[in-house]
Amino acid sequence: AMLRLRLLTWDVKDTLLRLRLPVGQSYAAEARARGLQVQPEALTRAFGEAYGAQSRRFPNYGLGQGLSSRQWWVDVVRQTFVLSGVRDDAALTALAEKLYRDFCSSRNWEVLPGASETLSQCCQRGFRMGVVSNFDNRLENVLAQCNLRHHFEFVLTSEAAGFEKPDGRIFQEALRLGGVPPEQAAHVGDDYSRDYRAARAVGMHSFLLRGAGQGQEPEVPPEHVLPTLSHLLARIEK
C-alpha cells in the first residue's frame, strides 16, 4: 500500500551535500596560502582525531558547557594543525578563523547527484519538507548558497534543537514544526543509527541512502534502502 506521508525530513551531510574535497586537502591549501607546508593526509588524520576528541568532550558543539559552535569549530581546526606539527600560534588563529568561514559557503560543498531533482519532485507532489541535521547554525547559509534552502519549510540543526541525532527529541521537534504525527512522516539519511533507526524509534518511516559498496546492515528491508536519491519517490509511491 502507498505510504500516507505528509512530511519528509532530510539529513544533509552525505545525503544532500558532500564536501568537494577531503578536509585535509582544503586545510592544506589554506595553510599553503599562508606559507605553511602540511601534508593533506596528515591533516585528514589529525582532523578525525581532533573532531572525535572534541565531540566526546563537548557534545553537540559544547552547547551545554557554555561554548559557541564557532568557538567549538575554531578549537577543532587549531587542534588539527597542532596535531599535524604546526606550532605558530598567530598563524593557527588566522587559519582557524578563515576555515570556519570557508565552510559556511558553497566553496567547500557540492550537491549530491539527484538531490535537487528529487527535492523539487517531492515539493511538487505536495510533501511538507524539513531538514534534521547534526550541524551548527551555519547550515541555513550553506543550504542557501548551494541553492537548496527554498525546498524546506524548516531547517532544524542539533545546535538549534539542543539535541543531536540519534536522540529522539530532535525528531519530535521536527514533527512539531511540520505539524504531523510520526506515522505521516519519513526521514531520509545515510547513517544507519543516527538517521534510519533513530527516526523509526519515534514512530516515523525512514529510508537509508546506501551507495554501492557500503556495508549492508541486516535489519534494513530492501524496500527501505535507496541506492540513490532518485529511488525515493518510487519507494514511497509503490
Side-chain angles (χ1 to χ4, degrees), residues 11-36 38-109 131-146 148-149 152 154-167 169-171 173-174 177 191 194 198:
D11 171 55
V12 175
K13 187 173 183 293
D14 298 325
T15 298
L16 298 174
L17 297 178
R18 65 182 169 206
L19 290 172
R20 290 182 188 275
L21 296 169
V23 169
Q25 283 186 36
S26 304
Y27 282 25
E30 195 51 54
R32 263 199 313 280
R34 289 159 197 276
L36 295 167
V38 197
Q39 288 307 309
E41 297 73 24
L43 283 166
T44 295
R45 271 197 310 277
F47 174 81
E49 208 175 305
Y51 180 89
Q54 186 83 324
S55 301
R56 285 187 297 276
R57 191 169 162 216
F58 299 110
N60 200 16
Y61 309 111
L63 291 186
Q65 293 137 300
L67 282 184
S68 67
S69 58
R70 188 184 146 284
Q71 188 54 54
W72 191 96
W73 273 114
V74 165
D75 289 349
V76 169
V77 180
R78 284 181 59 97
Q79 188 58 18
T80 299
F81 281 99
V82 168
L83 289 170
S84 306
V86 177
R87 292 285 178 265
D88 176 344
D89 208 55
L92 282 174
T93 302
L95 271 168
E97 297 283 351
K98 174 78 164 60
L99 284 163
Y100 175 79
R101 285 196 304 276
D102 282 353
F103 280 82
C104 288
S105 76
S106 54
R107 273 185 64 164
N108 285 307
W109 297 97
V131 161
V132 179
S133 170
N134 287 356
F135 215 101
D136 60 82
N137 55 21
R138 292 175 294 178
L139 187 56
E140 290 263 3
N141 197 32
V142 171
L143 288 167
Q145 291 226 4
C146 295
L148 296 181
R149 175 64 187 91
F152 303 108
F154 61 86
V155 172
L156 181 61
T157 63
S158 58
E159 178 170 13
F163 308 107
E164 288 186 298
K165 300 181 296 188
D167 190 314
R169 287 172 291 187
I170 192 171
F171 289 102
E173 176 62 9
L177 290 170
D191 188 286
R194 289 202 272 289

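Position 1 is the first residue of the sequence, and the numbers go up from there. Values reported hereafter were calculated over all heavy atoms of this structure, with side chains retained and with hydrogens, waters and symmetry mates removed.
- Residues Arg107 and Asp102 approach most closely at NH1-OD1, 3.6 Å, considering heavy atoms.
- With respect to the salt-bridge test (charged N to carboxylate O, under 4.0 angstrom), the residues Lys165 and Asp11 qualify.
- Residues passing the salt bridge (charged side-chain N to carboxylate O under 4.0 Å, His left out) test with Glu140 are Arg149, sequence neighbours excluded.
- Counting only distance, with no hydrogens or angles, the side chain of Ser68 and the backbone of Gln71 share a donor-acceptor pair below 3.5 Å.
- The distance between the ring centers of Tyr100 and Trp72 does not fall below 6.0 angstrom.
- The closest donor-acceptor contact from the side chain of Asn60 to the backbone of Ser158 lies under 3.5 Å.
- Scanning all heavy atoms of the two residues, the minimum distance from Val77 to Ala96 falls at CG1-CA, 3.7 Å.
- The residue from Val12, Leu16, Val142 that alone fulfils the side chain to side chain contact (heavy atoms under 4.5 Å, CB included) condition with Ser133 is Val12.
- Between the OH atom in Tyr27 and the CG atom in Asn108 there is a gap of 9.0 Å [rounded to 0.5 Å].
- Taking the salt bridge (charged side-chain N to carboxylate O under 4.0 Å, His left out) definition, one finds that Arg45 meets it with nothing, sequence neighbours left out.
- Remark: the backbone N or O of Val82 is paired with a side-chain donor or acceptor of Arg87 at under 3.5 angstrom.
- Ion pairing between Glu159 and Arg70 fails under the 4.0 Å rule for side-chain N and carboxylate O.
- Between the OG atom in Ser105 and the CZ atom in Arg138 there is a gap of 10.0 Å [rounded to 0.5 Å].
- With a 4.5 Å cut-off on side-chain heavy atoms, Leu36 and Leu95 count as touching.
- Looking only at side-chain heavy atoms (C-beta outward), Leu43 and Val23 stay at 4.5 Å or farther from each other.
- Within the structure, salt bridge (charged side-chain N to carboxylate O under 4.0 Å, His left out) contacts touching residues 15-35 (residues at least two apart or in different chains) are Arg18-Glu110, Arg20-Glu110, Glu30-Arg34, Glu30-Lys98.
- Within the model, atoms CZ of Phe154 and CD of Glu173 stand 8.5 Å from one another, a figure rounded to the nearest 0.5 Å.
- The shortest heavy-atom contact between Ala161 and Ile170 is CB-CG1, 3.8 Å.
- The shortest distance between side-chain heavy atoms of Ser26 and Phe103 falls below 4.5 Å.
- Residues Gln145 and Ser106 approach most closely at OE1-N, 3.2 Å, considering heavy atoms.
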Let me see the working for Leu139 and Leu143 under side chain to side chain contact (heavy atoms under 4.5 Å, CB included), right down to the final yes or no.
CA-CA 6 Å; Leu139 187 56; Leu143 288 167; 3.9 Å; yes
Applying side chain to side chain contact (heavy atoms under 4.5 Å, CB included) to Leu148 and Leu17, what does each step give before you reach the verdict?
CA-CA 10 Å; Leu148 296 181; Leu17 297 178; 3.8 Å; yes
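- Taking the salt bridge (charged side-chain N to carboxylate O under 4.0 Å, His left out) definition, one finds that Arg101 meets it with nothing, sequence neighbours left out.
- Partners of Glu49 by side chain to side chain contact (heavy atoms under 4.5 Å, CB included), not counting sequence neighbours, listed by chain and number: Leu83.
- The shortest non-hydrogen separation linking Val155 to Phe152 is CG2-CB, 4.5 Å.
- The distance from the CZ atom of Phe163 to the CG atom of Leu63 is 10.5 Å, given to the nearest 0.5 Å.
- The CG atom of Leu92 lies 8.0 Å from the CZ atom of Phe81; values are rounded to the nearest 0.5 Å.
- To the nearest 0.5 Å, atom CG of residue Leu99 and atom CZ of residue Phe47 are 10.5 Å apart.
- Annotation: Gln39, atom CD; neighbour count of heavy atoms from other residues, nucleotides and ligands within 6.0 Å does not exceed 12.
- Among residues two or more places apart in sequence or in another chain, the side-chain hydrogen bond (donor to acceptor under 3.5 Å, both in side chains) test is passed with Thr93 by Arg78.
- Within the 4.5 Å cutoff, no side-chain heavy atoms of Gln54 are placed close to those of Trp73.
- Residues Thr15 and Asp191 fail the side-chain proximity criterion, which asks for heavy atoms closer than 4.5 Å.
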